[in-house]
Trainee: 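A single structure is presented below for examination.
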Amino acid sequence: MTRTDREPDPRISRRTFLWSAAAVAATGLVACTSEPDDETDAPVPDAASPTSVAPIVCDPAAGSGGGSSPLWATAIANGIVYGSSAATWQLQDTEYRRLFERETALVFTEDDLLWWRLKPTPDAPLDFRFGDRLVGFAEQERLAVLGAHLVWDEGFGDGWTDDDVWTLSADAARRLLYGTIDEVVAHYRGRIAAWIVANEVLDGTGLRLDFPWHATIGPSFVPESFRRAHEADPDALLLLNDFGYETDDDLALAEDKRATTLELLDELLADDVPVHGLGVQAHLAAAGFDEAFDADAYRAFLGEVAARGLGVWITELDVLDDALPPDPKERDAGVAAALQRYLDVALAEPAVSTVVTFGLSDRYTWLQEDFPRDDGAPRRPLLFDEALDPKPAFDALRTALSSASRREPPFLPPRC
């Protein structure tokens, strides 16, 4: 399958703005002795003594086809769950599917649980065909599932207009949003380990006002969405997910975004809202990353999240290669350097126990679709190239996972 086979994805507006601005600017043994009864939030180990965590023993050959240790096994040896995003249309590519089956322990639902799949028009009943196929694939391969996204301002299909969302009365908006959350989470109860409940709801000043559910329902849409999801599946972990924590962009200063996130988390926790973790998207820009990235401030931010008893999930990791030379080797080196630098800082926090790349191979990356390079050179933001051969970024991730201190995972992946 080639990129041209991909069905259109309407996920563009804020990410288009963000990435357009960025573009201009520049091994070990892992066969668990038993599978957990349910997937619950594990306690975060003391950062001062991460090596006190008991070792996790799994067989990396289980579900991986044998051979050298795959990424997921390297990760889980230190208590880190590694996964990647995928969509049903990508997994029709047999060669890519085999790579995904080998290297991951978790699948992030890239397309198939967005509203353009679930509810193509406002009056359509929910269509679970695509989501069921992806979750079925995960169960067949014994992968955990991270469901995305229950609440977002994008992801609507061509059958929706602004009036279908923005002009709703408060009661109609509640029925639409909460009714969808109730039905979707209940449909997958016990089959999805974690949900991104609220995605990209913040800016540098607080909750975004340019968000349809805020405009129609008000700020209560965030805590109520978490409560509805928890009621529909009490065992699922529930995440707040956002971007812009690493470096400044044209939407907000990273310092401000980190501060507003902590404020929202404090409000939710004070009101006993069932939020279990923070998802950090970690869409990085390679050019000038080391200079723009305040490592000390970022590490402190992750520590603040952990101090609140929350897990940290890296949910959409990839690296934009704009402003790097067109030569593939030079670009691959720049992408790997940014990835390594970021992970050295992020994984120093023991609460960071899940790492998800936004795709595995340059064969399937949203950056190529939505933001092709000005020079026409194919994007190279991921671990494997278009031929599915590993790149320096793969080595950087493997090194970071293998050298991280041992920690408690949020759950044991089913293939353990």
Trainee: What's the verdict on salt bridge (Lys or Arg N to Asp or Glu O under 4.0 Å) for D93 and R363, showing C-alpha distance, side-chain angles and the deciding distance?
Mentor: CA-CA 10 Å; D93 179 339; R363 184 180 293 188; 2.7 Å; yes
Trainee: Kindly indicate, with the supporting measurements, whether the criterion side-chain hydrogen bond (donor to acceptor under 3.5 Å, both in side chains) is fulfilled by W366 and D318.
Mentor: CA-CA 10 Å; W366 71 290; D318 57 14; 2.9 Å; yes
Trainee: Closer than 3.5 angstrom, by distance alone: can the side chain of N78 be matched with the main-chain N or O of A404 as a donor-acceptor pair?
Mentor: yes
Trainee: Working to the nearest 0.5 angstrom, can you tell me the gap between H230 NE2 and D235 CG?
Mentor: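 Answer rounded to 0.5 Å: 8.5 Å.
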Trainee: Walk me through whether D153 and H214 qualify under side-chain hydrogen bond (donor to acceptor under 3.5 Å, both in side chains).
Mentor: CA-CA 10 Å; D153 64 324; H214 190 286; over 6 Å; no
Trainee: Out of D332, D385, D362, D321, which one pairs with R380 under the side-chain hydrogen bond (donor to acceptor under 3.5 Å, both in side chains) rule?
Mentor: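 Of all the options given, the one that passes is D332.
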Trainee: Got a sec: does the CD of E231 have more than 12 other heavy atoms crowding it under 6.0 Å?
Mentor: no
Trainee: Can you check side-chain contact (heavy atoms from CB on, under 4.5 Å) on D111 and W116, steps first, answer last?
Mentor: CA-CA 8 Å; D111 288 348; W116 71 278; 4.0 Å; yes
Trainee: Might you confirm whether atom CD of E255 has over 12 heavy atoms from other residues, nucleotides or ligands at distances under 6.0 Å?
Mentor: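 No, CD of E255 has 12 or fewer neighbouring heavy atoms, counting only those of other groups under 6.0 Å.
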Trainee: Would you check, one step at a time, whether the test side-chain hydrogen bond (donor to acceptor under 3.5 Å, both in side chains) holds for Q281 with N199?
Mentor: CA-CA 10 Å; Q281 293 184 11; N199 185 54; 3.3 Å; yes
Trainee: Tell me, yes or no, whether the heavy-atom count around D374 atom CG, taken from other residues, nucleotides or ligands under 6.0 Å, exceeds 12.
Mentor: no
Trainee: Is a salt bridge present between D375 and R373, judged by a nitrogen-to-oxygen distance below 4.0 Å?
Mentor: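 Yes, this pair counts.
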Trainee: One thing to verify: whether D203 and R208 come together as a salt bridge, which I'm taking to mean a side-chain N less than 4.0 angstrom from a carboxylate O.
Mentor: no
Trainee: What I want to check is whether the side chains of S353 and R407 have a donor and an acceptor closer together than 3.5 Å.
Mentor: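 Note: S353 and R407 side chains miss the donor-acceptor criterion.
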Trainee: Are Y245 and Y298 an aromatic pair, judged by ring center distance below 6.0 Å?
Mentor: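 For Y298 and Y245, the ring centres are not under 6.0 Å apart.
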Trainee: I'd like to know whether the aromatic ring centres of H283 and F243 sit less than 6.0 Å apart in this structure.
Mentor: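 Distance test on ring centres: not under 6.0 Å, no.
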